[in-house]
Amino acid sequence: MTDTLAARSLASVWHPCTQMKRHEAEPPVAIARAQGPWLHGTDGRRYLDGISSWWVNLFGHGHPHIQAALTDQFARLDHVMLAGFTHAPVVELSERLAALTGLGHAFYGSDGASATEIALKMSAHYWRNQGRPAKSRFVGLAGGYHGETVGALAVTDIALFREAYAPLVRLAATVQSPDARNARPGESARDVALRAAAALEAWLAEHQATTAALILEPLVQCAAGMAMHDAEYLRQARALCDRYEVHLVADEIAVGFGRTGSMFAHQQAGIRPDFLCLSKGLTGGTLPLSAVLTTDAVYAAFYDDDVARGFLHSHSYTGNPLACRAALATLELFEQTDALARNGQLAQAIDAACAPLTAHPRVRHARRQGMVWAWDVETSLPDFARRYHRHAMARGLLLRPIGATVYAMPPYVLDAEAVQHLAVNALAALDATLAEEAGATAPTEERLP
Ligand SMILES: *Cc1c(COP(=O)(O)O)cnc(C)c1O
């Protein structure tokens, strides 16, 4: 059964973020069903979903509350185009997101990269409508990741994803990351943030006339390898964007919805961005949906008798009622389960269980922000990530290191058994991987999320 599905998949499915030839040695794992934090293979084995299926799942798979909402919605209205029409789920979701963020205008897309595209286009178009068309360029942080469509690639600073497409991309500028691991001896995370902010200021002072927006991932640059920074950077960036008349785009596609401990990461800095990009956890990991939230000021700049001053962007499935209902059910679960407070307790339990991993002699920069853990491993294995992943999967645990950074971003529903399973097998997989160091040879390895 597994063999059949894997083989048929390789014959017909082009898998994402994958050199398909690698699957000759290691076929994809066929999953038959999923419940809570567990994925169940067609071979009868189970795997703890330690990375929430690429950072999308929040309350576990197959949650009955989301299921019931989807069933109810499907019986009422599956889909209707959003140009010229509206419906209850999209209105209610927009109202609730506005109440949560103070950003009162929601534009919808279908995935994270399209949210990035929407935010960038809106920002540049805003400046054009303001009579300042020269402000059409963007700046991002070193190691930043904002998706992989051609426009989003321009602000994604991950060479492996971008190199082949360089001729297609109008590359954005990059300023230094406030990654706390860049601390010099005696420097705190806040000191690093202030140093990076000074570099941002120098850049903005020179380029403000042609810059529409700064885009960043607040608190955790996930695809960079869970690079974490002090919230002070966000306060500084907000002040600098105000001073130099540049929009601040907060890409919370990965870090939104409680991942960093607060509902949204930027809220820990007490700031409000001009644009907020959301996706991934927005539907609890059930359906593709993204949203860009923005301010009255941005909205007003498009509001006119002239059609061409409007935001003439669309996707066929914009505001899909099923996806919006899944998002509403997800927001209800935050309230019903008091998720943020409970996550605080769960995080402490995971910290305690993972103490031996954190104290491992080969681990550097063990760190956590909310429900995101990362451990940098000192290893000579260039293909550490693939080997570790294999060892973890053999132990019933889905973890996929980025380079030599092991990280966990689990769903919010781990019970005591699942916490132990995560901690024990993450450590065992590390020791098994490091045991292969002697005599191992491999080509230079890429860093894939
Ligand atoms: C995943 C991600 C994206 C892209 O989202 P897709 O749905 O994969 O297109 C953009 N920004 C960040 C920060 C992400 O983590």
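Quick note: residue numbers are just sequence positions, from 1. Every number for a ligand or one of its atoms is a count from 1 in the order of the listing.
- If you look at F334 and F59, their ring centroids are closer than 6.0 Å.
- More than 12 heavy-atom neighbours from other residues, nucleotides or ligands sit within 6.0 angstrom of CZ on R364.
- Residues T330 and I66 meet the side-chain proximity criterion, which asks for heavy atoms closer than 4.5 Å.
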For a quick test of your reading: what N or O donor-acceptor pairs under 3.5 Å do the side chains of residues 144-152 make, sequence neighbours left out?
{"from": "Y145", "atom 1": "OH", "to": "E148", "atom 2": "OE2", "distance (Å)": "2.2"}
{"from": "H146", "atom 1": "ND1", "to": "D251", "atom 2": "OD2", "distance (Å)": "2.7"}
{"from": "T149", "atom 1": "OG1", "to": "E117", "atom 2": "OE2", "distance (Å)": "2.4"}

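- Remark: the D49 side chain and the S53 side chain contain an N/O donor-acceptor pair separated by less than 3.5 Å.
- Protein residues are said to neighbour a ligand when one of their heavy atoms lies under 4.0 Å from it; for ligand 1 these are W55, D111, G112, A113, Y145, H146, G147, E217, D251, I253, A254, K280.
- Within a 6.0 Å radius of OH in Y299, other residues, nucleotides and ligands contribute 12 heavy atoms or fewer.
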